[in-house]
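To start, I am sharing the structure in question, which I have written as structure tokens.
The structure presented is a predicted model; accordingly, all values stated were derived computationally and were not measured. Atoms within each ligand, like the ligands themselves, are counted from 1 in listed order.
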Amino acid sequence: MFKNVKRILSVLLSLILITSITFAMFTTSASSQSVTNNSYTGEAPKYVFMFIGDGMTFPQIASAEAYLGKSIYKDTKVGIQKLSFSDFPVTGTSSTFDATSLCPDSASTATSISTGNKTLSGVINMDVTKKIKYKTIAEMLKEKGYKIGIVSSVSIDHATPAAFYAHQPTRSNMYEIALELANSNFDYFGGGGLVNPKGPKGDQPDALEIARSKGYNIVNTKDEILALNSQSGKVIAINPILDKDKALPYEIDRAEDDLALANFTKKGIDVLDNPNGFFMMVEGGKIDWACHANDAGASIQDTLALEKAVNEAVQFYYKHPKETLIIVTGDHETGGLSIGFAATGYSTFFDKIGYQTRSFLEFDNKVITPYRSYISKEDAKLEDLLPYIKAYFGLVVSSDEEASKRPGMVLTDYEVQKLRDALAMTITPAKDRKLNEAEQVIYGTYEPLSVTLTHILNNKAGIGWTSYSHTGIPTAVFTMGAGQELFNGYYDNTDIFRKLSSILKVN
Ligand SMILES: [Zn+2]
């Protein structure tokens with residue numbers, strides 16, 4: 001009898017143990033997927049804005065806020081100045097991994113946001129076998145009668161904007177993407193141009209002409225763009241000033257009276273506003289490009305340009321508070337940006353970023369390229385470039401007449417040597433350079449002198465970088481308006497689509 005009781009007890013104990021392990025396993029696997037509220041019962045908003053800062057997550061936002069804080073508090077106090085959208089009523093966090101990597105790309109992450117599916121890096125709105133096409137939130141809303149706008153500060157056929165209207169096995173199918181744009185019937189495209197409107201060899205029918213034949217009004221002067229309104233019909237508005245990648249200039253390089261991302265956002269509202277509502281996606285695409293190059297000054301200014309674009313939506317929101325939803329997020333982090341650096345310890349000096357007047361790219365194009373064209377490898381010397389280094393990045397050598405007025409900006413011997421080494425590499429044209437493993441880490445694929453200058457300036461400010469690629473840091477999701485409460489918590493980027501489709505009542 002006693003033996004039997006002991007046996008029963010032992011079986012019961014094992015059962016309890018197995019049950020608790022199974023429960024633990026179940027709860028562990030459940031928590032590795034997101035458990036978040038994706039169902040909305042309120043009325044669908046009529047006006048939806050989705051802002052995507054490419055490469056913009058917490059570090060990019062925090063560095064812009066620290067930079068603004070420094071200009072307000074000066075030396076008297078430590079503080080930040082929040083961006084308008086980081087003060088939105090609801091803040092969430094989303095994971096960004098894709099089917100390829102924890103460090104995903106913009107094609108797959110935008111596919112997650114616009115369709116709710118994970119896919120491979122580089123794939124736009126198709127599954128991992130590259131056979132099944134996914135319908136996007138923008139296409140679903142177009143069918144429901146919303147007008148659709150797509151805006152970007154990089155080319156409008158780039159991965160993030162394309163992920164709202166195109167379906168391609170690779171983001172490099174730029175011509176096919178341009179054709180999908182021309183055939184999308186979306187109502188407004190604004191910002192950058194098309195990379196390959198006539199195909200990679202330039203021998204295909206012009207995608208812009210095809211768009212024109214489909215009824216698009218194509219404008220590319222400042223006056224025409226500023227004159228756009230609700231009577232303009234379907235519009236493709238291309239910035240009159242584009243770089244070689246058909247993108248707007250970096251915000252830090254933009255002339256004051258040239259068009260900015262905020263202008264294209266405001267014009268989008270003017271073109272799209274109608275009684276059936278609209279959906280507009282606006283990408284701040286050059287935050288990513290600046291962070292790939294490890295240029296914090298350029299990243300901060302492009303983040304502030306995105307904030308100004310968001311503020312256009314905020315003004316609209318206050319006219320239609322019950323019918324508007326604004327979402328501001330990023331697709332992934334770029335560069336491994338951090339506030340804090342090994343050599344500056346617990347101190348930061350964000351005021352030093354204020355000395356930078358132009359992006360790394362302007363320094364490449366306006367200083368390095370001309371210098372390399374006339375100077376021989378033997379004659380190249382850092383002293384020739386010191387006036388430009390001072391003008392572009394504020395950095396000076398100890399013998400400079402202004403050295404005593406800007407002590408934190410004086411180059412140390414160690415830094416001067418780094419610049420001499422970088423110049424020796426930069427003076428060799430890129431195609432003839434052979435970088436060893438250590439040089440690949442310190443220069444990436446960038447112009448060695450420029451990237452060394454941004455590294456030195458950023459490090460002096462207390463800013464560090466760990467990569468020239470994307471990283472796996474989660475991203476922020478700020479929301480304001482109808483349905484905002486769904487965006488609280490920590491969820492996956494695919495849930496952004498699920499929340500939106502519930503809020504907008506699309507399947
Ligand atoms: Zn990128």
Angle between ring planes, F85 versus F88, binned at 30° and 60°: parallel, tilted or perpendicular? perpendicular
Whether E447 and R433 form a salt bridge (side-chain N of Lys/Arg under 4.0 Å from carboxylate O of Asp/Glu) is what I want to check. yes
Got a donor-acceptor contact below 3.5 angstrom from the Q440 side chain to the L435 backbone? yes
Please determine whether D54 has a backbone or side-chain N, O or S atom lying under 2.8 Å from the Zn ion (ligand 1).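 D54 does not place any N, O or S atom closer than 2.8 Å to the Zn ion (ligand 1).
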Would you please classify the geometry between the F49 ring and the F316 ring as parallel, tilted or perpendicular, with 30° and 60° separating the classes?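 Perpendicular: the ring planes of F316 and F49 meet at over 60°.
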Residue H332, metal the Zn ion (ligand 1), N/O/S under 2.8 Å: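 No, since none of the N, O or S atoms of H332 sits under 2.8 Å from the Zn ion (ligand 1).
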Restricting to N/O/S, name the atom of H292 that gets closest to the Zn ion (ligand 1).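 Going through the N, O and S atoms of H292 one by one, NE2 ends up nearest to the Zn ion (ligand 1).
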Any N/O/S atom from C291 (main chain or side chain) under 2.8 Å of the Zn ion (ligand 1)?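 Given the 2.8 Å cut-off, C291 does not count as a ligand of the Zn ion (ligand 1).
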